[in-house]
Trainee: 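One structure coming up, written as structure tokens, with questions to follow.
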Amino acid sequence: MSFNISNQVAYLRTSRQFPEEDHQMSVEMNKAYIDIANAVNSRTIGLYSLNQATITGNNFFIAQNRRQQTLRRVYAFTTTASIPHNIQVVDPDQFINCMGSYTDGTSSFSLPWATSVAIAGQITFYVTATNIVFVTGAGAPVLTSGRVILEWLSSP
């Protein structure tokens, strides 16, 4: 089996020999800067902004080697009423990583990105073209507050 590795520049070199001659030093310094920028820019960005889209640093190559980056946004809520997400939905499959958590005021619970069908003992959510929709199963803890994180592919 053969395969190609997509991240050819995964790690930054830990050492480099710099020449003493000024022109060659300049060339090596420029290469070093490019290596650093490439290594830093190929990493996931760990910013989670409330109600503001953030570039994640994650890249998807879905069609014809065309890069699509992902964006992330955090939504806070205090009820299970639907939340308008204000994301332009181009493809129903563009949401690729969604998660959340909530509390009943005492304990913390996972908020699975699941289904439009209620699951006993759990609150779940799904995403439509316009909203984040919560589904409360019988016997689920009473929600007092929580957060949902949506990550989606940018428009091609």
Trainee: So for atom CG, which belongs to N30, do other residues, nucleotides or ligands contribute more than 12 heavy atoms lying within a distance under 6.0 Å?
Mentor: yes
Trainee: Under 6.0 Å from the CE atom of M29, do we count more than 12 heavy atoms belonging to anything else shown?
Mentor: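 12 or below, so no.
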Trainee: Minimum heavy-atom separation for Q52 and R73, please, with both atom names.
Mentor: N-CG, 3.6 Å
Trainee: When hydrophobic residues are tied together by side-chain contacts of less than 4.5 Å, even through go-betweens, does V127 share a cluster with V133?
Mentor: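 In one cluster: no.
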Trainee: Take a 6.0 Å sphere around CD of E21 and say whether it holds more than 12 heavy atoms from other residues, nucleotides or ligands.
Mentor: yes
Trainee: What's the shortest heavy-atom distance between I123 and P141, and which atoms?
Mentor: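 Taking every non-hydrogen atom into account, CD1-O, 3.6 Å.
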Trainee: For Y126, enumerate each residue passing the ring pair (Phe, Tyr, Trp, His ring centres under 6.0 Å) test, keeping only those at least two apart in sequence or located in another chain.
Mentor: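 With sequence neighbours excluded, Y126 shows a ring pair (Phe, Tyr, Trp, His ring centres under 6.0 Å) to no residue whatsoever.
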Trainee: How close do Q17 and E28 get, counting heavy atoms only, and between which atoms?
Mentor: O-OE1, 4.2 Å
Trainee: Could you measure the distance from the OG atom of S26 to the CZ atom of F18? Nearest 0.5 Å is fine.
Mentor: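 Those atoms lie 11.0 Å apart.
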Trainee: What closest approach, in Å, do T54 and S49 show between heavy atoms, and which atom pair accounts for it?
Mentor: OG1-OG, 3.2 Å
Trainee: Taking all non-hydrogen atoms of both residues, which atom of T128 and which atom of H85 are closest, and how far apart?
Mentor: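 Looking at all heavy atoms of both residues, the closest pair is O-NE2, 2.8 Å.
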Trainee: In terms of hydrophobic clusters joined by side-chain contacts under 4.5 Å, are I34 and V27 together?
Mentor: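 Not linked; separate clusters.
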Trainee: I'd like to check I55 versus L71 (side-chain heavy atoms, cut-off strictly below 4.5 Å). Are they in contact?
Mentor: yes
Trainee: Check whether T70 reaches the backbone of E151 with its side chain - one donor and one acceptor, N or O, closer than 3.5 Å.
Mentor: no
Trainee: Please answer: with hydrophobic residues joined when any side-chain heavy atoms are less than 4.5 Å apart, are I83 and F95 in the same cluster?
Mentor: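 Yes.
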Trainee: Measuring from atom CZ of F60 to atom CD of Q68, what distance do you get when rounded to the nearest 0.5 angstrom?
Mentor: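 F60 atom CZ to Q68 atom CD measures 9.0 Å (nearest 0.5 Å).
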Trainee: If you measure from CD1 on I96 to CG on N58, what distance do you get to the nearest 0.5 Å?
Mentor: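 One finds 6.5 Å between CD1 of I96 and CG of N58.
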Trainee: Only distances under 3.5 Å count here; give the side-chain donor-acceptor pairs of residues 108-122 to other protein atoms, sequence neighbours excluded, each with its distance to 0.1 Å.
Mentor:
from : atom 1 : to   : atom 2 : distance (Å)
T115 : OG1    : V117 : N      : 3.1

Trainee: Among all residues two or more places apart in sequence or in another chain, which pass the ring pair (Phe, Tyr, Trp, His ring centres under 6.0 Å) test with F134?
Mentor: F77
Trainee: What's the separation between atom CD1 in I149 and atom CG in N97, rounded to the nearest 0.5 Å?
Mentor: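 Interatomic distance, I149 CD1 to N97 CG, rounded to 0.5 Å: 8.5 Å.
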Trainee: Please say yes or no: joined through hydrophobic side-chain contacts below 4.5 Å, possibly via intermediate residues, are Y75 and V135 part of one cluster?
Mentor: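 No, Y75 does not connect to V135 through the hydrophobic network.
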Trainee: I want to check something: taking the side chain as every heavy atom from C-beta on, are F125 and L150 in contact at a cut-off of under 4.5 Å?
Mentor: yes
Trainee: Considering all heavy atoms of both residues, which atom of T136 and which atom of A140 are nearest to each other, and what is their separation?
Mentor: CG2-CB, 4.0 Å
